[in-house]
Amino acid sequence: MFKRLDEILIEIPNVEKPDPNAAAAIQELLGGKFGEMSTLNNYLYQSFNFRSKEKLKPFYDLVMSITAEELGHVELVSHGINHCLRGSTEYKEPDQTPLGSVKDARLSYHFLAGAQGAMPFDSMGNPWTGANVFNSGNLVEDLLHNFFLECGARTHKMKVYEMTDHPAAREVVGFLLVRGGVHVVAYAKAIEIATGVNVTKLIPIPSLDNKAFNEARKYEEKGVHTKLYTYSDKDFNAIDQIWKGTHPEDGQPLEVIQGIPQGFPIPEAPAVEEEFAPGISHEDFKEIARRLKMAGNIVD
């Protein structure tokens, strides 16, 4: 089961810089073939269907803990998209064409169906599909798939980073470059323990060096690239049999942390009246508040 907190993994800069096309690009990191919905659901179904989990507990614990982190990544990317969309339009009367400024946005579905919010699509508006999920049941085959899935995801993150300089987008992508790198190393270590083969020496894709990315570099300076969280108060701690030794890039010691990282409050999303969201007038708010007070026996 999952335990949810009213937090996200990092603090996203709140800037007044609407960029609908940047939001469209980031959608690839959410609903693309190598996006966070794919990494989440690949690991989620591998964890559901894992065979001989007691005998192979460190590998099971690894997939379970990374699954939980990926759920937080889906959440984080979605909020990054929302930040890029915020302020794209402004309220006007309907005959004044308040959404006219975004009719040529590359992904108009953000405005036609989502009230300027993230959607489970790729950068071209194609819906995410379960066909992106790979779960062979074979431990080594699944681990190898996960390693290359993370490599592909990292390559896409680097391209999106180079595509937009929006502060919210780069903050999110920079953090994910670091955490995705953790997963690349984790799956490589798991494969090496299972087979004796160091897959990172097979072909150099992609480089795990984040020095070229300013928003990634600062997280590495804090040691974010060396930590793997169990995302559980007491379970999945056998990952320390895999996540051990030193980081291949800088030789820093690797650390397993029982629990979750420190989170940050989920930002408030303002009303978008031209999108009829949330669609509640001032009078409606007053009436809802009155009903809640009555239900809670609250007297002014």
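Because the structure is a prediction, the values reported are computed rather than measured.
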Report yes if some heavy atom in the side chain of Asn82 is under 4.5 Å from a heavy atom in the side chain of Ile12; otherwise report no.
no
Pairing of Glu54 and Lys57 as salt bridge, 4.0 angstrom limit:
no
Is there a side-chain contact between Pro267 and His83 in this structure, where contact means two heavy atoms from C-beta onward sitting under 4.5 Å apart?
yes
Are Ile257 and Thr230 close enough that some pair of their side-chain heavy atoms sits under 4.5 Å apart?
no
Any idea which heavy atoms bring Ser123 and Arg106 closest together, and the distance?
O-NH1, 3.0 Å
Going only through I, L, V, M, F, W and Y residues with side-chain contacts under 4.5 Å, is there a path from Ile266 to Leu85?
yes
With distance as the sole criterion, is a donor-acceptor pair present between the side chains of Glu75 and His79 under 3.5 Å?
no
What closest approach, in Å, do Ala190 and Ile242 show between heavy atoms, and which atom pair accounts for it?
N-CG2, 3.8 Å
Residues Phe34, Asn132; criterion side chain to side chain contact (heavy atoms under 4.5 Å, CB included); working and verdict
CA-CA 8 Å; Phe34 294 94; Asn132 293 335; over 6 Å; no
Looking at Lys157 and Glu36, is there a salt bridge between them, counting it only when a charged N and a carboxylate O are closer than 4.0 Å?
yes
Is there a side-chain contact between Glu273 and Lys92, using heavy atoms and a 4.5 Å cut-off?
no
Begin from the C-alpha positions of Phe121 and Asn126 and carry the test side chain to side chain contact (heavy atoms under 4.5 Å, CB included) through to its verdict.
CA-CA 5 Å; Phe121 301 140; Asn126 301 307; over 6 Å; no
In terms of heavy-atom contacts, does OH of Tyr45 have more than 12 from other residues, nucleotides or ligands at under 6.0 Å?
no
Going by the angle between their ring planes, with limits at 30° and 60°, are Tyr161 and Phe213 parallel, tilted or perpendicular?
perpendicular
Atom CG of Leu9 and atom CZ of Arg179: how far apart are they, to the nearest 0.5 Å?
8.5 Å
Verify same cluster id: Ile298, Phe285 (apolar side-chain graph, 4.5 Å)
no
Tell me, yes or no, whether the heavy-atom count around Lys218 atom NZ, taken from other residues, nucleotides or ligands under 6.0 Å, exceeds 12.
yes
Are Val15 and His166 close enough, and set up right, to give a side chain to side chain contact (heavy atoms under 4.5 Å, CB included), and what steps lead you there?
CA-CA 9 Å; Val15 297; His166 193 286; 3.7 Å; yes
For a ring-ring contact (aromatic ring centres under 6.0 Å, His included) check, start with the C-alpha distance between Phe236 and Tyr231, then their side-chain angles and the critical distance, and finish with the verdict.
CA-CA 8 Å; Phe236 315 131; Tyr231 277 85; 10.0 Å; no
Which heavy atom in Ala169 sits nearest to a heavy atom in Ile26, and how many Å separate them?
CB-CD1, 3.4 Å
Do any N or O atoms from the side chain of Arg217 and from the backbone of Ala212 form a donor-acceptor pair under 3.5 angstrom?
no
Has Gln116 got a side-chain atom pairing as donor or acceptor with Arg86's backbone, closer than 3.5 angstrom?
no
Any side-chain heavy atom of Leu228 sitting closer than 4.5 Å to one from Ile239?
yes
Treating Ile, Leu, Val, Met, Phe, Trp and Tyr as nodes and any side-chain heavy-atom pair under 4.5 angstrom as an edge, say whether Phe111 and Leu107 lie in one connected cluster.
no
Working to the nearest 0.5 Å, report the span between CG of Leu62 and CH2 of Trp243.
9.0 Å
Please check if any side-chain donor atom of Gln46 sits under 3.5 Å from a side-chain acceptor atom of Asn135, or the reverse.
no
So, the side chain of Glu150 versus the backbone of Phe147: is there a donor-acceptor pair under 3.5 Å, distance only?
no
Closer than 3.5 angstrom, by distance alone: can the side chain of Ser108 be matched with the main-chain N or O of Ala105 as a donor-acceptor pair?
no
Between the side chains of Glu249 and His225, does any donor sit under 3.5 Å from an acceptor?
no
What's the verdict on side-chain hydrogen bond (donor to acceptor under 3.5 Å, both in side chains) for Glu255 and Thr226, showing C-alpha distance, side-chain angles and the deciding distance?
CA-CA 6 Å; Glu255 179 183 10; Thr226 65; 5.2 Å; no
Would you say the side-chain atoms of Thr164 pair up with the backbone N or O of Arg170, donor to acceptor, closer than 3.5 Å?
no
Indicate yes or no for a side-chain donor-acceptor contact from Asn42 to the backbone of Phe134 under 3.5 Å, with no hydrogens or angles considered.
yes
What do the steps show when you test His145 against Glu141 for side-chain hydrogen bond (donor to acceptor under 3.5 Å, both in side chains), and what is the final call?
CA-CA 6 Å; His145 168 269; Glu141 189 172 358; over 6 Å; no
Determine, using the 4.5 Å side-chain heavy-atom cutoff (strictly less than), whether Met158 and Met163 are members of one ILVMFWY cluster.
no
Non-hydrogen side-chain atoms of Ser281 and Asp284 separated by less than 4.5 Å
yes
Return the CZ to CG distance between Phe50 and Leu139, rounded to the nearest 0.5 Å.
5.0 Å
Side-chain H-bond candidate by donor/acceptor type, Gln258 with Ser232, under 3.5 Å:
no
In terms of hydrophobic clusters joined by side-chain contacts under 4.5 Å, are Phe2 and Met37 together?
yes
Scanning both residues in full, the closest heavy-atom pair of Ile260 with Tyr229 reads C-CD2, 3.8 Å
If you measure from CG on Leu76 to CD on Glu70, what distance do you get to the nearest 0.5 Å?
11.0 Å
Centroid-centroid under 6.0 Å between Tyr43 and Tyr187 rings
yes
Between Glu93 and Tyr91 the two heavy atoms that sit nearest each other are OE2-OH, 3.3 Å
Output yes when Arg291 and Glu287 qualify as a salt bridge under the 4.0 Å nitrogen-oxygen rule, no when they do not.
yes
Using the side-chain hydrogen bond (donor to acceptor under 3.5 Å, both in side chains) rule, take Asn198 and Thr200 through it: C-alpha gap first, then chi angles, then the decisive distance, then the call.
CA-CA 6 Å; Asn198 185 347; Thr200 61; 2.4 Å; yes
Give a yes or no on whether Phe264 atom CZ has more than 12 heavy-atom contacts from other residues, nucleotides or ligands under 6.0 Å away.
yes
Correct closest heavy-atom pair for Asp142 and Gly137 would be OD2-N, 3.4 Å
Is the shortest side-chain heavy-atom distance between Trp128 and Asn41 below 4.5 Å?
yes
Do the side chain of Glu16 and the main chain of Gly87 share a donor and acceptor less than 3.5 angstrom apart?
no
Would you call Lys17 and Asp165 a salt bridge, using N to O less than 4.0 angstrom?
yes
With side chain to side chain contact (heavy atoms under 4.5 Å, CB included) as the criterion, how do Asp122 and Glu28 come out once you've worked through the C-alpha distance, each side chain's angles and the decisive distance to 0.1 Å?
CA-CA 4 Å; Asp122 66 12; Glu28 191 66 29; 3.4 Å; yes
Non-hydrogen side-chain atoms of Asp61 and Ser65 separated by less than 4.5 Å
no
